[in-house]
Amino acid sequence: MRRPRGEPDSRAPRLTEGPTCTGPGESWSPSPNSMLRVLLSAQACPARLSGLLLIPPVPPCCWGPSKWGDRLVGGGPQAGPVQGLQRLLEQAKSPGELLRWLGQNPTKVRAHHYPVALHRLGQLLGSQPRPPPVEQATLQDLSQLIIRNCPSFDIHTIHVCLHLAVLLGFPSNGPLVCALEQERRFRLPSKPPPPPQPLLRGGQRLEAALSCPRFQRHPRQHLISSLAEARPEELTPHVMVLLAQHLARHRLREPQLLEAIAHFLVVQEAQLSSKVVQKLVLPFGRLNYLPLEQQFMPCLERILAREAGMAPLATVNILMSLCQLQCLPFRALHLVFSPGFINHISGTPHALIVRRYLSLLDTAVELELPDYRGPRLPRRQQVPVFPHPLLTDRARCKYSHKDMVAEGLRQLLGEERYRQDLTVPPGYCTGESCGWRAAPSASPHSLRPGPLPADFLLCASSSGAVLPVRTQDPFLPYPPRPGPQGQAASDPATHDPAQRVVLMLRERWHFCRDGRVLLGSRALRERHLGLMGYQLLPLPFEELESQRGLPQLKSYLRQKLQALGLRWGPEGG
């Protein structure tokens with residue numbers, strides 16, 4: 001006998017009260033076929049689909065009467081069988097059974113049952129090895145049920161149904177998605193149209209883009225085209241400073257843009273103060289790029305000679321960039337090392353940082369300019385070069401390979417045959433960050449080196465045996481003594497040639513964005529450590545990232561050290 005419409009099948013489980021939330025262990029992801037349908041349907045209306053995909057997914061445990069209430073369409077008290085219907089929908093074995101439960105119980109169906117049905121449909125399609133076939137008529141009937149009842153949905157139910165419909169592959173221009181989207185727009189308050197934006201060209205557009213707080217990394221070609229479209233009068237110092245800061249901040253070594261900055265500096269020399277020039281020169285030193293503009297260095301020398309006394313901090317900042325480029329002008333060094341300049345900065349708020357930069361410049365003169373015969377920084381004025389860890393290393397320490405390499409060296413050599421966290425006189429670390437620590441109540445002149453995170457230093461004998469570092473002086477003498485690179489005069493007590501090997505991590509952020517050119521500060525440090533007599537063993541990030549597990553890393557380190565002729569252990573390796 002045929003049962004009346006609206007009554008459940010007597011062979012099916014009875015509607016009883018029970019839990020209403022999907023279990024926390026129940027997960028679902030759309031099948032590749034359903035996602036392919038989403039992508040194919042996006043061709044019809046990509047703008048609409050992009051708006052739908054921005055709707056945040058809702059955890060299944062939030063679905064049910066506790067979120068939307070258990071109101072009947074026309075209002076009414078909460079009914080026990082409603083919760084049982086949700087459980088039957090969650091346990092449906094096929095899409096046809098889902099549709100039968102919704103169609104046979106019109107008086108018990110609530111708004112929250114439709115997201116549950118869509119979610120279960122996704123489970124049936126995506127989580128089974130062989131999902132059951134779904135007839136097109138079944139999907140159309142389910143769509144019509146949701147379309148007929150969506151005016152009674154609240155905004156949260158509409159968002160969830162819309163998100164699930166897109167993930168299930170319902171066409172973005174089909175009746176179901178269109179009806180839900182129309183209801184969503186109807187519920188949201190209307191927004192006033194945005195005010196018309198003025199037409200920006202050339203330098204104005206470039207300045208607007210670079211000044212935007214949310215601007216992170218504009219496409220490079222856009223920057224180049226914006227600069228090319230600008231008229232000369234639109235390229236103001238402010239625009240060029242923003243461009244220089246953007247290139248330096250994001251490590252973008254773009255020759256076209258850097259050459260444009262260099263040309264602007266030469267053309268506008270008379271109108272630029274040293275405070276602006278220091279910002280324009282910053283990316284050249286940081287990105288290790290010497291421009292082709294022939295008047296670049298003569299222009300900077302004239303600016304330094306003109307404003308050295310009026311802006312001492314800007315002066316040493318310019319010289320720091322030139323130091324990274326190995327282009328220190330002798331005339332400017334005569335100015336900053338003169339007693340008048342040093343006396344002028346004493347007592348000023350930025351005296352310590354200027355003396356720190358002068359100390360690094362003095363180190364560069366000692367190591368790189370043997371022909372310089374001018375004044376030098378007095379010993380009593382010298383201060384540590386790097387008092388704090390470098391900001392980029394502190395921010396990215398959790399991505400560093402240092403801990404992994406330290407464990408590999410510990411298992412390979414033993415804890416007594418390498419040192420970590422050392423600061424090399426006159427202030428260089430053997431690694432990616434450097435630091436100095438003052439004794440209690442110490443003046444700036446009595447600063448002592450203190451350990452901060454760095455890389456690794458090994459001591460080796462003349463035969464290449466790795467020696468226990470605790471029994472050796474880990475530092476080579478400074479200023480360096482004449483002799484082959486990587487060794488100094490023998491220690492009369494141990495007859496040790498004092499060979500020192502520095503393992504240098506070259507992390508991804510130590511390079512320009514192209515990943516091939518070291519940043520100027522990194523290249524400067526490696527150059528100076530080599531000139532001081534330390535033998536450098538670079539560990540590039542590409543090689544470290546390719547190691548899979550500690551055994552493979554130990555084999556990699558063993559090959560690196562043995563290639564330098566080093567040996568260790570009772571059998572010499």
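Residues take their numbers from the sequence shown, with the count starting at 1.
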Step-by-step side-chain contact (heavy atoms from CB on, under 4.5 Å) determination, Val281 to Leu265: CA-CA 9 Å; Val281 176; Leu265 191 151; 3.9 Å; yes
side-chain contact (heavy atoms from CB on, under 4.5 Å), paired with Ile261, selected from Val241, Leu235, Leu243: Leu243
Minimum-distance pair of heavy atoms, taken over all atoms of His112 and Val116: O-CG2, 3.3 Å
Minimum-distance pair of heavy atoms, taken over all atoms of Leu258 and Pro283: CD2-CB, 3.9 Å
Donor-acceptor contact below 3.5 Å, side chain Arg506 vs main chain Pro538: no
Glu259 side chain vs Pro255 backbone, donor-acceptor pair below 3.5 Å: no
Near-ring test His159/His163, centroid separation under 6.0 angstrom: no
Spatial distance of atom CG (Leu550) from atom OG (Ser555) [nearest 0.5 Å]: 11.5 Å
Side-chain (His113) to main-chain (Arg110) donor-acceptor, under 3.5 angstrom: yes
Gap separating the OG1 atom of Thr157 from the CD atom of Glu183, nearest 0.5 angstrom: 11.5 Å
OG-CZ distance between Ser94 and Arg120, expressed to the nearest 0.5 angstrom: 9.5 Å
Full working for side-chain contact (heavy atoms from CB on, under 4.5 Å) between Trp101 and Val109: CA-CA 9 Å; Trp101 287 126; Val109 176; over 6 Å; no
Heavy-atom side-chain proximity of Leu280 to Leu272 below 4.5 angstrom: yes
Inter-residue atom distance Lys554.NZ - Gln559.CD, 0.5 Å rounding: 13.5 Å
Spacing of CG belonging to Asn317 relative to CD belonging to Gln278, to within rounding of 0.5 Å: 4.5 Å
Verdict with supporting geometry, His401 and Gln547, side-chain contact (heavy atoms from CB on, under 4.5 Å): CA-CA 11 Å; His401 295 88; Gln547 308 306 315; over 6 Å; no
Approximate separation, where rounding is to 0.5 Å, of Gln245 CD and Met240 CE: 12.0 Å
Arg516 and Arg253, any side-chain heavy atoms less than 4.5 Å apart: no
Closest contact, heavy atoms only, Asn149 versus Leu145: ND2-O, 2.8 Å
Side-chain H-bond candidate by donor/acceptor type, Glu507 with Tyr399, under 3.5 Å: no
Any side-chain heavy-atom pair of Ile158 and Asp154 under 4.5 Å: no
Test item: Ile146 and Leu118 side chains (from C-beta on) under 4.5 Å apart, heavy atoms: yes
Closest heavy-atom pair and its distance - Ala244, Lys279: CB-O, 3.5 Å
Heavy-atom pair with the smallest gap, counting every atom of Leu180 and Cys150: CD2-CB, 4.1 Å
Pair Glu181 + Arg185, salt bridge at N-O below 4.0 Å: yes
Exam field: side chain Arg251 to backbone Phe511, donor-acceptor pair closer than 3.5 Å: yes
Nearest heavy-atom neighbours spanning His510 and Leu518: O-CD2, 3.4 Å
All ring pair (Phe, Tyr, Trp, His ring centres under 6.0 Å) counterparts of Tyr289, not counting sequence neighbours: none
Parallel, tilted or perpendicular: rings of Phe153 and Tyr114 (30°, 60°): tilted
Test log, rule side-chain contact (heavy atoms from CB on, under 4.5 Å), inputs Leu561 and Leu537: CA-CA 8 Å; Leu561 296 175; Leu537 177 58; 3.7 Å; yes
Donor-acceptor contact present, side-chain Asp455 to main-chain Leu505, <3.5 Å: yes
Evaluation steps, salt bridge (charged side-chain N to carboxylate O under 4.0 Å, His left out), between Lys560 and Glu543: CA-CA 11 Å; Lys560 285 284 188 179; Glu543 297 178 2; 3.2 Å; yes
Pairwise side-chain contact, Leu252 with Asp514, heavy-atom cut-off 4.5 Å (strictly under): no
Electrostatic pair Glu254-Arg513, nearest N-O below 4.0 angstrom: no
Test item: Leu98 and Leu142 side chains (from C-beta on) under 4.5 Å apart, heavy atoms: no
Results of salt bridge (charged side-chain N to carboxylate O under 4.0 Å, His left out) for Arg410 - residues two or more places apart only: Glu407
Heavy-atom side-chain contact between Leu519 and Arg286 under 4.5 Å: yes
pair Phe456-Lys402: side-chain heavy atoms closer than 4.5 Å: yes
